[in-house]
Protein chains: 2
Amino acid sequence: MRYPAAETAEKHTRILDEASRLFKARGFGGVSVAEIMKATGLTHGPFYNHFASKEALMAECIDHASAAALAQLDSVAETPEGMRDYMRAYLSADHRDDRAQGCLMAAFAEQTGREPGLSASLTAHFKATVERFTRHFPWRSKKAARADTMLMLAAMLGGVVLSRAMDDKALSEEILESVRTGLEGLASRA
Amino acid sequence: MRYPAAETAEKHTRILDEASRLFKARGFGGVSVAEIMKATGLTHGPFYNHFASKEALMAECIDHASAAALAQLDSVAETPEGMRDYMRAYLSADHRDDRAQGCLMAAFAEQTGREPGLSASLTAHFKATVERFTRHFPWRSKKAARADTMLMLAAMLGGVVLSRAMDDKALSEEILESVRTGLEGLASRA
DNA sequence: TGTACATCAGTGAACGCGCGTTCACTGATGTAC
DNA sequence: TGTACATCAGTGAACGCGCGTTCACTGATGTAC
């Protein structure tokens, strides 16, 4: 059937929403095209009316999730205090346990490193994130803000990825707590 | 054919060596059982004489790579200086570009977080790594050595994973350099 | 010591399955007259 | 304004492929006598 033109764009967005959620939760290889379309409420056929291939969807998903993440970051990161709260929330058990709504870099960085076609999208997201963190960096001298931002982002990502991989709850919490405290320690010595 | 008993154990080890190498380079999903067996010089049939399933191989691979990594760590991490060199080498372009010989946590942590069957092996490796780092920790007070170790390991892992995901060579180097300098900064303020 | 037999790691064809992708068809919507 | 037709997103069966896994068979090695 032919559908009202407005619905097409809306469906495109809905596919991206569902795909981002599922990919972040289970990885690119862990979700099939059919499953994404089913979550969107369609059969798998029309997928190719919207995307050239699964890999094209993967790249567009990173851009889509990036836009959402940057909008959220902009709303909280207007002050050093906002940045500190963002960092604390990032290194929380809630974020560790909610991959689907969580950080796209923590979810995709390792896979992206193995898929050259996806690097450009993740690189752009990382650059934009670094820019926002650096602008309101609450630690040490402004001169070192960019380098300190990268250290902080690396520790945040590594902390969440490690805490998710542990099957020992206490150890998982200890990792998050240690990274949180350590990064706040950087602040106190500014 | 029946083979001399000694060869069987040796083949088992060879499968683990090749599988570890390939899995680290391309991920668990990116390598087939047949490819591993071919790399070992065998057809894919006898795989099941050695392992119950691909997932069992994956778990055993983590243990196997862990033993090798810990042995290497023990040989260099007997002094604070050795630890510092280890950290620098970890955050080098060489390590970034050589996944196959590189850190198993950087290669497997994200996938392990999604596969409950693998968590136990990676948790054990992380605990052993923390123990060794803490014992010879070259930073700050001994009292905080364990927490500082976890911060350092998180930043190292995150730094390498991020640098591998970038398609911008200069940015990739900048991440490694920033994390390296930042962690050394922690030392100078000990 | 020599011979017949049992063992069992290795072989490679085959199976079943799920996946990404294609395609002939459907039918409500938009358009031409 | 009413009617006939063209459009094209959606449908769902089908295809080809690679994968994990199985299995009947092979034949050199180890063992029993």
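The sequence lines fix the lettering, A, B, ..., with proteins before strands; numbering per chain opens at 1.
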Rounded off to whole Å, could you give me the [atom1]-to-[atom2] distance for the [X] and [N] pair?
X       : N      : atom1 : atom2 : result
B:Ile15 : D:dG20 : CD1   : P     : 14 Å
B:Glu55 : D:dC19 : CD    : P     : 18 Å
A:Met37 : D:dT11 : CE    : P     : 8 Å
A:Leu57 : C:dC19 : CG    : C1'   : 15 Å
B:Asn49 : D:dT21 : CG    : C1'   : 13 Å
B:Ile36 : D:dT21 : CD1   : P     : 11 Å
A:Arg14 : D:dA9  : CZ    : C1'   : 13 Å
B:Lys38 : C:dG10 : NZ    : C1'   : 17 Å

Residue closer to the 5' end of DNA chain C, A:Pro46 versus A:Val31 (nearest nucleotide): A:Val31

Listed nucleotide nearest any side-chain atom of [X], set [options]:
X       : options                : answer
B:Ser53 : D:dG20, D:dT21, C:dG10 : D:dT21
A:Tyr48 : C:dA14, C:dT22, D:dG20 : C:dT22
B:Thr43 : D:dT11, C:dA9, C:dG12  : C:dG12
B:Val33 : C:dG10, C:dT21, D:dT21 : D:dT21
A:Lys54 : C:dA9, D:dG10, C:dG20  : C:dG20

Base-pair map of DNA chain C as dot-bracket, where | denotes pairing with a different strand and pairs are Watson-Crick or G-U under 3.5 Å: .||||||||||||||||||||||||||||||||

A:His125 vs A:Asp63, side-chain hydrogen bond (donor to acceptor under 3.5 Å, both in side chains): CA-CA, chis, key distance, verdict: CA-CA 8 Å; A:His125 177 69; A:Asp63 293 332; over 6 Å; no

side-chain hydrogen bond (donor to acceptor under 3.5 Å, both in side chains) against B:Glu174, all qualifying residues, sequence neighbours excluded: A:Arg146

Residue closer to the 5' end of DNA chain D, A:His50 versus B:Phe28 (nearest nucleotide): A:His50

Charged N-O contact under 4.0 Å between A:Arg180 and A:Glu184: no

N or O in side chain of B:His44 less than 4.0 angstrom from D:dT22 OP1/OP2: no

Close aromatic pair by centroid cut-off 6.0 Å: A:Phe137 and A:Phe133: no

Residue of the set B:Met156, B:Arg88, B:Arg164, B:Gln101 for which side-chain contact (heavy atoms from CB on, under 4.5 Å) holds with B:His95: B:Arg164

Sugar-phosphate only, base, or nothing, as touched by B:His12 at under 4.0 Å among non-hydrogen atoms: nothing

Note, B:Phe23 side chain near B:Leu104 side chain (heavy atom, < 4.5 Å): no

Value rounded to 0.5 Å, distance of CG in A:Leu162 from CD1 in A:Ile175: 5.0 Å

